[in-house]
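Residue numbering restarts at 1 for every chain, and letters A, B, ... go by the order of the sequence lines. Source: prediction; values computed, not measured.
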Protein chains: 2
Amino acid sequence: MNKSIQLKSNFNEKQIQILEVAETLFAEKGFDGTSIRNIAKVAKINVAMVSYYFGSKERLLESLIVYRTSDLKNQLDNLLQEDLEPIDKINKLIELYINRINSNRGIYRILHFEFTSKKREQNLQAFSELKKGNLKSLETIIEEGQKKGIFRKDVIIPLITPTILGTFFHFHMNKPFFENLLNLKTEDLYNNYIKTNLTKHIQQTIKALLIYES
Amino acid sequence: MNKSIQLKSNFNEKQIQILEVAETLFAEKGFDGTSIRNIAKVAKINVAMVSYYFGSKERLLESLIVYRTSDLKNQLDNLLQEDLEPIDKINKLIELYINRINSNRGIYRILHFEFTSKKREQNLQAFSELKKGNLKSLETIIEEGQKKGIFRKDVIIPLITPTILGTFFHFHMNKPFFENLLNLKTEDLYNNYIKTNLTKHIQQTIKALLIYES
DNA sequence: ATAAAAACTAAACAGTTGTTTGAATTAAAC
DNA sequence: GTTTAATTCAAACAACTGTTTAGTTTTTAT
């Protein structure tokens with residue numbers, strides 16, 4: 001059996017079954033807060049299967065990241081090649097980010113939570129490359145807008161991603177607080193608020209920051 | 001030695017010693033990732049002392065939050081009463097937030113990490129009240145600016161805090177990435193970047209979002 | 001100096017942790 | 001149909017978890 005990290009998503013059904021349960025539990029209770037026995041119970045498999053298929057709990061996490069983040073780059077490249085005004089590209093990029101993170105909440109929560117501490121820095125490499133690529137795409141769009149004289153030139157481009165993603169994450173990480181504050185009683189209301197108001201707020205913010213007013 | 005400093009909190013020296021070690025370790029490795037024996041070893045105390053002084057590991061966390069967040073409200077109230085233009089108040093508020101979080105990274109990292117999962121919702125009450133108070137202060141300032149015709153009226157006020165704090169957190173949570181990207185080789189350079197560029201970026205962003213342009 | 005209270009300790013408790021083992025079952029190859 | 005390989009399993013492993021206990025030392029009050 002192949003216990004090494006698999007770069008493409010050539011996971012078999014059993015592995016995917018384990019990965020998806022792990023995603024749910026890691027997202028819910030954190031990596032350290034989730035035990036292999038817990039995963040095994042929910043996935044209805046034997047405890048030994050995690051070691052058998054992935055080698056270790058740590059490598060299960062690595063595999064999960066590969067499994068979930070392999071196609072973001074393509075989506076971004078497609079966006080770049082569309083024939084749109086820079087500001088519309090930015091708006092679409094924000095929408096893409098939020099949609100993607102919102103419909104893959106589990107893995108992004110895990111990434112957000114687990115990949116900050118020093119102890120997982122060795123696994124950070126692939127994730128870091130992904131982030132650099134994303135930044136490059138954003139940079140391309142903004143420089144295009146600056147050349148056209150539409151965008152200001154005194155913005156710090158690498159800090160725009162933190163504003164986009166940070167706003168979303170901070171909102172989402174404080175879900176119970178905002179559910180209560182904004183009366184979003186059902187999951188549907190909450191999701192709808194993200195899709196409309198939160199997305200609009202972020203777009204409005206980034207636009208205000210970028211657009212040059214004479 | 002200097003007992004006059006701890007006028008407010010009713011924790012004794014030993015408790016504070018434990019709390020500060022716990023803060024460091026919880027921030028570094030998370031609540032679940034830190035064991036009582038680990039805390040005891042670093043704090044050079046017996047394992048039983050945590051139970052003795054705080055009752056349980058969970059209650060140690062609660063005490064830590066009380067110990068670290070008890071004086072934020074006063075700082076905000078003082079700011080509100082200053083005689084400043086709304087936009088200057090906003091800028092000062094952003095500076096206050098960032099300074100405070102930045103010099104209490106440990107506890108805010110813990111709050112950020114531990115108080116999102118459902119399982120700690122019972123401890124969430126006090127923290128939630130603190131956040132609501134903070135939002136009220138921000139609201140007061142913004143409404144003042146709107147009355148004066150300086151601020152736009154179509155901004156969603158509860159989403160401004162996520163933009164301020166989210167930007168900072170996302171930057172700080174991805175510290176290794178940005179250290180590398182922006183060549184912030186020393187801790188001093190990193191801190192300086194936060195104090196100048198990141199703070200300015202956030203102020204610039206919020207100003208752009210708020211200021212009404214005819 | 002003596003008694004009561006507080007602080008501290010090593011050891012034990014009962015669970016849980018990630019991982020490995022060796023045998024049993026199933027599937028694939030011949 | 002037999003052999004070989006892949007999969008699954010219960011059980012065991014040693015290490016670690018939060019907490020309690022019962023006894024000792026230190027501090028405080030009288």
Side-chain angles (χ1 to χ4, degrees), chain A residues 1-6 10-65 110 113-114 117 119-120 122-123, chain B residues 1 3 6 9-65 67 110 113-115 117 119-120 122-123:
Chain A
M1 184 51 215
N2 182 7
K3 291 193 179 185
S4 64
I5 307 166
Q6 316 191 26
N10 48 356
F11 298 110
N12 63 38
E13 281 180 39
K14 205 102 214 171
Q15 284 177 303
I16 289 175
Q17 178 191 354
I18 297 171
L19 284 170
E20 298 196 337
V21 170
E23 181 178 31
T24 310
L25 295 179
F26 287 165
E28 248 174 43
K29 322 197 289 173
F31 182 77
D32 288 323
T34 306
S35 71
I36 293 188
R37 278 172 183 78
N38 199 339
I39 296 170
K41 199 171 187 178
V42 177
K44 284 167 190 157
I45 49 137
N46 188 277
V47 264
M49 299 314 288
V50 169
S51 294
Y52 178 72
Y53 276 121
F54 299 97
S56 70
K57 191 188 174 188
E58 198 83 23
R59 294 249 290 278
L60 168 64
L61 177 59
E62 291 176 44
S63 298
L64 178 56
I65 290 154
I110 296 164
F113 275 88
E114 305 301 336
S117 64
K119 69 172 171 176
R120 293 203 218 296
Q122 72 269 29
N123 318 16
Chain B
M1 223 185 246
K3 290 192 180 180
Q6 18 170 323
S9 53
N10 43 1
F11 298 111
N12 63 38
E13 283 182 37
K14 204 100 216 171
Q15 285 177 300
I16 288 175
Q17 177 191 353
I18 297 170
L19 284 171
E20 297 194 337
V21 170
E23 181 179 31
T24 311
L25 295 179
F26 287 166
E28 250 175 44
K29 322 197 290 173
F31 182 78
D32 288 323
T34 305
S35 72
I36 292 187
R37 279 171 181 81
N38 200 339
I39 296 169
K41 199 172 188 179
V42 177
K44 284 166 189 158
I45 50 137
N46 189 277
V47 265
M49 299 314 288
V50 169
S51 293
Y52 179 72
Y53 276 122
F54 299 97
S56 70
K57 190 188 174 188
E58 198 83 25
R59 294 247 291 277
L60 169 63
L61 176 59
E62 291 176 43
S63 298
L64 179 56
I65 289 155
Y67 175 59
I110 296 163
F113 275 98
E114 305 302 335
F115 278 72
S117 64
K119 69 172 171 177
R120 292 202 219 297
Q122 74 267 30
N123 316 17

Whole-Å gap separating [atom2] ([N]) and [atom1] ([X]):
X        : N       : atom1 : atom2 : answer
Leu60(A) : dT19(C) : CG    : C1'   : 14 Å
Ile18(A) : dG18(C) : CD1   : P     : 14 Å
Glu13(B) : dC8(C)  : CD    : C1'   : 16 Å
Lys41(A) : dG18(C) : NZ    : P     : 14 Å
Phe54(A) : dT7(D)  : CZ    : C1'   : 14 Å

Q: Kindly say if Tyr53(B) contacts the phosphate of dA6(C), meaning a side-chain N or O under 4.0 Å from OP1 or OP2.
A: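 For dA6(C), neither OP1 nor OP2 has a side-chain N or O of Tyr53(B) closer than 4.0 Å.
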Q | side-chain N/O Lys14(B) vs dC8(C) OP1/OP2, d < 4.0 Å | A |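 Result: yes.
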Q: Using a 4.0 Å heavy-atom cut-off, write out nucleotides 9-26 of chain D from 5' to 3' as B (base contacted by protein), S (sugar-phosphate only) or - (no contact).
A: BB-B----BBBB------
(Q) Does any part of the side chain of Ile110(B), heavy atoms only, come nearer than 4.5 Å to the side chain of Leu61(B), both counted from C-beta? (A)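 Result yes, sub-4.5 Å side-chain heavy-atom pair found.
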Q. Is there a side-chain contact between Asn38(A) and Lys29(A) (heavy atoms, below 4.5 Å)?
A.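 Of all side-chain heavy-atom pairs linking Lys29(A) with Asn38(A), at least one is under 4.5 Å.
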**Q.** Interatomic spacing from CZ in Phe26(B) to CG in Leu60(B) - rounded to 0.5 Å
**A.**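 Here the rounded value is 4.5 Å.
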Q) CZ of Arg59(A) to CG of Leu64(A): how many Å apart, nearest 0.5 Å? A)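 Nearest 0.5 Å value for the CZ-CG distance: 14.5 Å.
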Q) Going through the checks in order, is the side-chain contact (heavy atoms from CB on, under 4.5 Å) test met by Phe54(B) and Glu62(B)? A) CA-CA 9 Å; Phe54(B) 299 97; Glu62(B) 291 176 43; over 6 Å; no
Side-chain donor-acceptor pairs under 3.5 Å in residues 16-25 of chain B, sequence neighbours left out?
residue	atom	partner	partner atom	Å
Gln17(B)	NE2	Ala43(B)	O	2.7
Glu20(B)	OE2	Tyr67(B)	OH	2.9
Glu23(B)	OE1	Arg68(B)	NE	3.1
Glu23(B)	OE1	Arg68(B)	NH2	2.8
Glu23(B)	OE2	Arg68(B)	NE	3.0
Glu23(B)	OE2	Ile107(B)	N	3.3
Thr24(B)	OG1	Glu20(B)	O	2.9

